[in-house]
2 protein chains.
Amino acid sequence: MAPLSRARIVAAAIDLIEREGADAISMRRIAADLGVGVMSLYNHVPNKAALLDAVAEAVLSQISFDDDPSAEWTERVRIQARAFRQIAHGYPRSTMVVVSRQLKSPAGLFPVERALATLRDAGFDGEDAVQILRAFIAYIIGSLLREVGVTPTFAPGNLGGADLPPDVDTTLFPEVSAVATHLCAGDHEKSFEYGLDMLIRAIAVQLRESKAAGRGGARG
Amino acid sequence: MAPLSRARIVAAAIDLIEREGADAISMRRIAADLGVGVMSLYNHVPNKAALLDAVAEAVLSQISFDDDPSAEWTERVRIQARAFRQIAHGYPRSTMVVVSRQLKSPAGLFPVERALATLRDAGFDGEDAVQILRAFIAYIIGSLLREVGVTPTFAPGNLGGADLPPDVDTTLFPEVSAVATHLCAGDHEKSFEYGLDMLIRAIAVQLRESKAAGRGGARG
DNA sequence: GGGTGGCACGTACGCTGTACGTGCGTCAAT
DNA sequence: ATTGACGCACGTACAGCGTACGTGCCACCC
């Protein structure tokens, strides 16, 4: 048996989360899966919180950014956003863990660096780039939460429908009832791309305004 | 002493969360705060998960929508979005609880109804209204998570700065270092309004395109 | 008066994270 | 070769968790 190591512990934790959900995770289960004693874990990880941080970092660091630096900036931010979403597909149950702990490690900073470079190349000054990036991250995280939150047990049936309780009061919620079909139809990718399109176009508009108003911020 | 009731239990739970954080919540602590036995809680609440759902619903139902139905739709969605953010200010530690459990109750459906009515009044058809709403909710939730996640212990010092570790490698992360000032400066309201502006303008652009392309969706 | 049901409560069980002590294996210095 | 130090796996133990179950009190209706 390979010697116990931090990496093996983190891998086992991710595996367990993906198989049985984030709630099922415990030091004892992880140790059992690894075939070691519980306390052996603490020789490599200070405590459970740190282990979850390590899980978040490991998942996050698997993002692969393959956007072409010479491409149009609109396409680059689109690809970067998709890369984020991709990890949520690879590790759906871990997404909540990643999102719920904010980490200040290089793994978390790397995508930020990439995005800022893209936005500043596009012509935004520092403050606007930061604000735009924040808006993007907020949108992406919110989207991922919706995607993974809607399928807490991964029942294959609720991917297309049964999202809404069937007993919505038609008179109390006329609008909801009217668009119930679309509300229930949960094509996550389509929704994600829809909002992504919106955001990118908004940024493009802002950039034009910014340029029209001369150098400096997009305030106007 | 007033008789134990579901409402009193939920209120005590919210109180406890706000005072000591979401991690500190336990049935025993709640019971102790109420001066009752632990198991008495279970006469009014089936289990802890249901209690947390009730907490989320109680917090969510305190949103007050005072947007003027005759106002411009851009202003209405802005005010509705702010109303959401407002609850995160009233119950900062509970926000994570609200966000992490998706609920299909009237309390959760009411804001949806309101928003859909506004968007459809603005001229969007059902599908676009739903997609736009989803993008908005994603942005708002993502923003709130950032706001409350940055202050897990509510230390008054870290509101303005100290967000970034001081040892960021300048050569590894040149962009991050260059805009570190803006990255650390965390004016949550300003950031929220910045992205909100972006989104609303994006929707306005989309609406114009939609109208220019004739009746129907905004698909161009 | 006698049944019935709601509600507060104590006890108990299996689970959790982790502090602490112990023993084994390997390597460095003598 | 002997000894000491150190790293690491592990068992035990403890406080705290959610909650299943049983008990007893009290208000109610027949």
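Letters A, B, ... mirror the listed sequences (proteins, then strands); counts begin at 1.
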If the condition is side chain to side chain contact (heavy atoms under 4.5 Å, CB included), which residues does [X] pass it with, not counting sequence neighbours?
{"X": "B:Ile87", "value": "B:Val59, B:Leu60, B:Ile63"}
{"X": "B:Ser100", "value": "A:Met96"}
{"X": "B:Arg28", "value": "B:Ser26, B:Val38"}
{"X": "A:Ser5", "value": "A:Ala7, A:Arg8"}

B:Glu147 and B:Phe192: CA distance, side-chain angles, deciding distance, side-chain contact (heavy atoms from CB on, under 4.5 Å) verdict: CA-CA 9 Å; B:Glu147 290 197 30; B:Phe192 184 78; 4.2 Å; yes
Most 5' of A:Pro46 and A:Arg29 on DNA chain C, judged by nearest nucleotide: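 Checking each residue's closest nucleotide, the 5'-ward one belongs to A:Arg29.
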Check side-chain hydrogen bond (donor to acceptor under 3.5 Å, both in side chains) between [X] and all other residues, then give those that pass, not counting sequence neighbours.
{"X": "B:Thr95", "result": "none"}
{"X": "A:Gln62", "result": "A:Tyr91"}
{"X": "B:Arg82", "result": "B:Glu193"}

Ranges pairing with ranges for DNA chain D, where each run has three or more Watson-Crick or G-U pairs under 3.5 Å: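 Consecutive-pair runs (3 or more) involving DNA chain D: C:1-30 with D:1-30.
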Separation of D:dT19 P from A:Asp23 CG (nearest whole Å):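 Whole-Å distance recorded here is 12 Å.
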B:Arg28 (side chain) and D:dG18 (base): donor-acceptor pair under 3.5 Å: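 Side chain to base: pair present.
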Any pair counted as side-chain hydrogen bond (donor to acceptor under 3.5 Å, both in side chains), so long as it reaches residues 36-46 of chain A, sequence neighbours left out: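 Counting only pairs at least two positions apart or across chains, no side-chain hydrogen bond (donor to acceptor under 3.5 Å, both in side chains) contact touches residues 36-46 of chain A.
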For nucleotides 6-9 of chain D, tabulate all protein N/O to nucleotide N/O atom pairs closer than 3.5 Å, reporting atom names and distance.
from  : atom 1 : to      : atom 2 : distance (Å)
D:dA9 : OP2    : A:His44 : NE2    : 2.8
D:dA9 : N7     : A:Asn43 : ND2    : 2.9

Opening and closing nucleotides of DNA chain C in contact with chain A, under 4.0 Å to non-hydrogen atoms: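 Listed 5' to 3', the contact boundaries are C:dT16 to C:dC20.
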List the atom pairs, with distances to 0.1 Å, where a side-chain N or O of residues 111-118 of chain B and a protein N or O form a donor-acceptor pair under 3.5 Å, not counting sequence neighbours.
from     : atom 1 : to       : atom 2 : distance (Å)
B:Glu113 : OE1    : A:Glu175 : N      : 3.2
B:Glu113 : OE1    : A:Val176 : N      : 2.9
B:Glu113 : OE2    : A:Glu175 : N      : 2.8
B:Arg114 : NE     : B:Asp67  : OD1    : 3.2
B:Arg114 : NH2    : B:Phe65  : O      : 3.3
B:Arg114 : NH2    : B:Asp67  : OD1    : 3.0
B:Thr118 : OG1    : B:Arg76  : NH2    : 3.4
B:Thr118 : OG1    : B:Gln80  : NE2    : 2.9
B:Thr118 : OG1    : B:Arg114 : O      : 3.0

